[in-house]
Amino acid sequence: MDRREFLKGAATIPLLSTGDTQAGCSGQPTPAVEGPAQTISRVRPGDLSWPSQASWEKLRQDVGGRLIEVKSPLAECRAAPQSAACRELFKELKNPYYIGDQPALTQTSGWLDAWTSAPSVYAVAAAETADIVAAVNFARAHRLRLVVKGGGHSYQGTSNAADSLLIWTRAMHEIVSHDAFVPQDCAGKVAPQPAVTVGAGAIWMHVYDAVTTRGGRYVQGGGCGTVGVAGLIQSGGFSSFSKKYGLAAAGLLEAEVVTADGAVQVANACTNPELFWALKGGGGGSFGVVAKLTLRTRELPEYFGGVSGTIKARSDAAFRKLIARIVGFYSDRLFNPHWGEQIQFLPGNTVQLHMVCQGLDGKEAKDVWRPFLDWVAGAPQDFILKEPVNIGVLPARHLWDAKFLQQYLPQLIVRDDRPNAPAGNVLWAGNREEAGQFLHGYRSAWLPTTLLEKDRQAALADALFASSRHWEVSLHFNKGLGGAPADERAAAKDTAMNPVVLDAFALAIIAGNSRPAFPDIPGHEPDVATARRHAAAINKAMDELLKLVNQPGSYVSESDFFERAWQQSFWGSNYPRLAAVKKKYDPSGLFFVHHGVGSDEWSADGFKRLTGR
């Protein structure tokens with residue numbers, strides 16, 4: 001979501017001189033063919049058709065012994081919720097590296113009235129593509145509910161399901177760089193280019209370390225370093241610098257994927273092009289199991305930087321004036337490829353700045369902000385700086401350099417404090433809040449660039465003020481491609497993402513969460529009454545913004561679990577084409593995720609299919 005602590009810390013770095021660096025139409029779901037309905041059910045433990053122990057043992061042999069009978073570490077808490085061991089476990093639930101190393105856990109513990117993290121019965125801890133093939137064939141033959149997990153960061157709960165078989169790709173984390181990569185069967189059609197091939201279980205912090213810290217190049221990936229690579233690419237993917245580098249999915253050059261028939265497919269622009277297109281933003285877990293991906297890499301800018309600060313207005317009238325000024329300032333000075341991340345509008349008449357930049361030195365970044373900061377300083381009767389506005393830059397090669405960060409900016413990061421944890425296991429301190437979170441509500445909507453036109457700015461400012469009366473509103477400018485370079489927008493157009501992202505200046509996110517919570521662990525249950533109040537306030541806040549947007553779109557990875565028109569919201573006019581790809585590569589619906597392509601043919605838990613096809 002955000003890298004707030006990084007932005008604060010980066011802004012306090014002494015400014016470096018240039019010489020100091022080291023380094024269209026609405027789409028609807030495809031209608032079911034008329035005819036008699038047939039119910040198809042997957043099997044659960046205890047059903048007569050559940051695989052025998054001999055069958056499971058055969059699978060274990062087929063995957064080299066890497067079949068795990070999943071046991072949740074929460075079991076001890078259910079037995080002894082006040083024990084020292086349980087207290088230690090809940091401490092570990094704030095460490096995303098610990099969570100990621102547990103096949104029974106997910107990075108989000110649940111969502112109010114939506115889902116609760118639940119372990120699979122068995123997991124194949126895949127170490128190679130052949131393990132995925134064996135698991136897919138076994139699930140298909142035995143009619144099992146299949147789940148795929150790499151990073152496990154799904155807010156929607158798509159990387160877990162009770163009574164299921166899990167394909168766990170955590171161990172497939174190899175990273176290989178290329179100087180001149182050409183996709184398979186594309187010789188003479190696609191020019192060689194620098195790239196990196198990444199296993200499906202890799203996380204972005206480790207990829208950035210390989211590509212940027214050690215390789216001196218940039219790959220467009222995720223902002224939160226512990227997010228899985230494969231899931232983010234399949235959902236579209238934004239980084240802090242998407243206004244410059246576009247969608248992460250648009251940088252996909254090739255994927256190796258196991259489809260529902262157990263075949264290992266290569267998907268690129270020349271081979272299986274429709275599957276390739278669907279993997280670029282069509283949503284994870286719907287079309288196959290990705291084993292590895294190859295992504296283009298870019299030249300690294302000289303600097304990355306940040307701006308942080310908190311401004312409080314002394315009255316409602318002053319807050320309205322501040323919002324209007326920020327909208328105009330963003331449109332005039334920040335709506336370009338240099339700037340990303342977010343500005344937040346809070347109910348207490350407060351604005352928090354958490355912006356980043358690329359390609360600017362310290363003086364250039366300061367010059368951009370000087371007119372706005374002078375305006376704020378010139379009205380002490382209206383505004384208070386609760387936190388000073390700091391602006392700073394650092395050599396781009398060090399942004400994900402764990403050693404550099406630990407030495408010079410230790411306040412920005414949290415280390416994986418488990419014994420013998422790799423030195424590179426760090427995360428942004430601001431992301432620790434998300435580890436183990438229990439979501440109360442989460443809404444998002446892309447805001448069109450037309451709202452930045454002079455005659456629409458007042459309406460946008462009024463809506464932001466009205467929305468902030470109910471809940472905190474964050475404008476994530478890096479999660480809209482309005483203002484991005486034309487070639488990056490063109491590349492994004494050739495993905496499965498909802499086309500409205502191309503002309504959105506920001507993704508508005510309104511969300512609330514609390515500590516890890518599980519309804520069946522005494523002392524650690526969610527506070528349902530509070531969560532419901534928060535969810536109601538979040539909905540009211542988003543309703544104010546949606547008054548400005550006709551047929552709004554939403555980012556599939558950061559969206560409402562209860563989204564009603566999800567086909568239109570997530571994919572717009574691309575949904576019919578995605579449904580056709582799903583029918584071709586997974587006609588039986590082996591791959592199911594909540595609000596994934598084709599999921600409308602199944603029960604909410606993915607165990608019963610009711611369709612006339």
Side-chain angles (χ1 to χ4, degrees), residues 1-16 20-23 91-100 107 203-206 208-209 212-213 221-227 239-241 303-312 339-344 346 350-358 360-362 365-366 369 373 385-419 421-437 472 474 476 478 513 515:
M1 292 173 18
D2 67 78
R3 267 63 61 204
R4 301 181 188 180
E5 297 304 318
F6 157 65
L7 301 175
K8 289 182 181 179
T12 65
I13 302 169
L15 298 180
L16 303 175
D20 288 340
T21 184
Q22 301 296 314
K91 177 185 174 183
E92 293 283 22
L93 289 178
K94 299 307 296 178
N95 180 351
Y97 287 97
Y98 169 81
I99 295 173
Q107 295 285 343
I203 61 174
W204 286 107
M205 189 62 75
H206 296 161
Y208 291 135
D209 177 65
T212 301
T213 306
C224 176
T226 57
V227 166
S239 78
S240 299
F241 309 108
Y303 297 109
F304 289 136
V307 177
S308 69
T310 302
I311 307 167
K312 181 174 175 59
W339 294 95
E341 279 300 336
Q342 59 190 285
I343 296 176
Q344 298 168 309
L346 281 63
T350 300
V351 168
Q352 291 184 338
L353 307 174
H354 303 289
M355 297 291 287
V356 298
C357 62
Q358 63 79 31
L360 299 175
D361 64 26
K366 274 190 153 184
W369 283 82
L373 297 179
L385 285 181
K386 292 188 66 177
E387 294 182 4
V389 176
N390 292 307
I391 304 170
V393 302
L394 78 165
R397 193 160 184 167
H398 290 317
L399 181 56
W400 297 283
D401 182 344
K403 184 177 180 180
F404 176 91
L405 295 171
Q406 289 170 17
Q407 182 174 358
Y408 296 107
L409 298 165
Q411 74 275 17
L412 298 187
I413 58 172
V414 176
R415 294 187 61 185
D416 179 358
D417 58 2
R418 295 174 297 165
N425 278 15
V426 298
L427 66 144
W428 302 120
N431 287 131
R432 191 168 193 176
E433 176 188 349
E434 301 159 32
Q437 67 181 342
E472 173 183 317
S474 298
H476 292 243
N478 53 300
N513 63 3
R515 59 178 174 78

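Heads up: numbering here begins at 1 and tracks the sequence.
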Keeping [X] on the side-chain end and [Y] on the backbone end, is there a donor-acceptor pair under 3.5 Å?
X: Lys94; Y: Arg432; answer: yes
X: Asn390; Y: Ser308; answer: no
X: Gln358; Y: Phe241; answer: no
X: Asn478; Y: Glu341; answer: yes
X: Arg397; Y: Thr213; answer: yes

**OP:** Measure the acute angle between the ring planes of Trp369 and Trp339, then classify it against the limits of 30° and 60° as parallel, tilted or perpendicular.
**Re:**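 Answer is perpendicular, since the angle exceeds 60°.
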Could you measure the distance from the [atom1] atom of [X] to the [atom2] atom of [Y]? Nearest 0.5 Å is fine.
X: Met355; Y: Ile391; atom1: CE; atom2: CD1; result: 11.0 Å
X: Lys386; Y: Thr310; atom1: NZ; atom2: OG1; result: 7.0 Å
X: Ile343; Y: His476; atom1: CD1; atom2: NE2; result: 11.5 Å
X: Gln107; Y: Gln437; atom1: CD; atom2: CD; result: 9.5 Å

**OP:** Over all heavy atoms of both residues, which pair between Asn425 and His206 is shortest? Give the atoms and the distance, please.
**Re:**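 Nearest heavy atoms, Asn425 then His206: OD1-NE2, 3.0 Å.
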Original post:
Can you find a heavy atom in the side chain of Leu385 that is under 4.5 Å from one in the side chain of Val389?
Top reply: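 Leu385 vs Val389: side chains touch.
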Subject >> Heavy-atom check, side chain of Leu399 versus side chain of Tyr208, under 4.5 Å >> reply: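 No, every pair of side-chain atoms sits at 4.5 Å or beyond.
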Original post:
Partners of Arg515 by salt bridge (Lys or Arg N to Asp or Glu O under 4.0 Å), sequence neighbours excluded?
Top reply: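 For Arg515 there are no salt bridge (Lys or Arg N to Asp or Glu O under 4.0 Å) partners, ignoring immediate neighbours.
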Subject >> Between Gln344 and His354: side-chain donor-acceptor atoms closer than 3.5 Å >> reply: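 Their side chains do contain a donor-acceptor pair, which is all the 3.5 Å distance test asks for.
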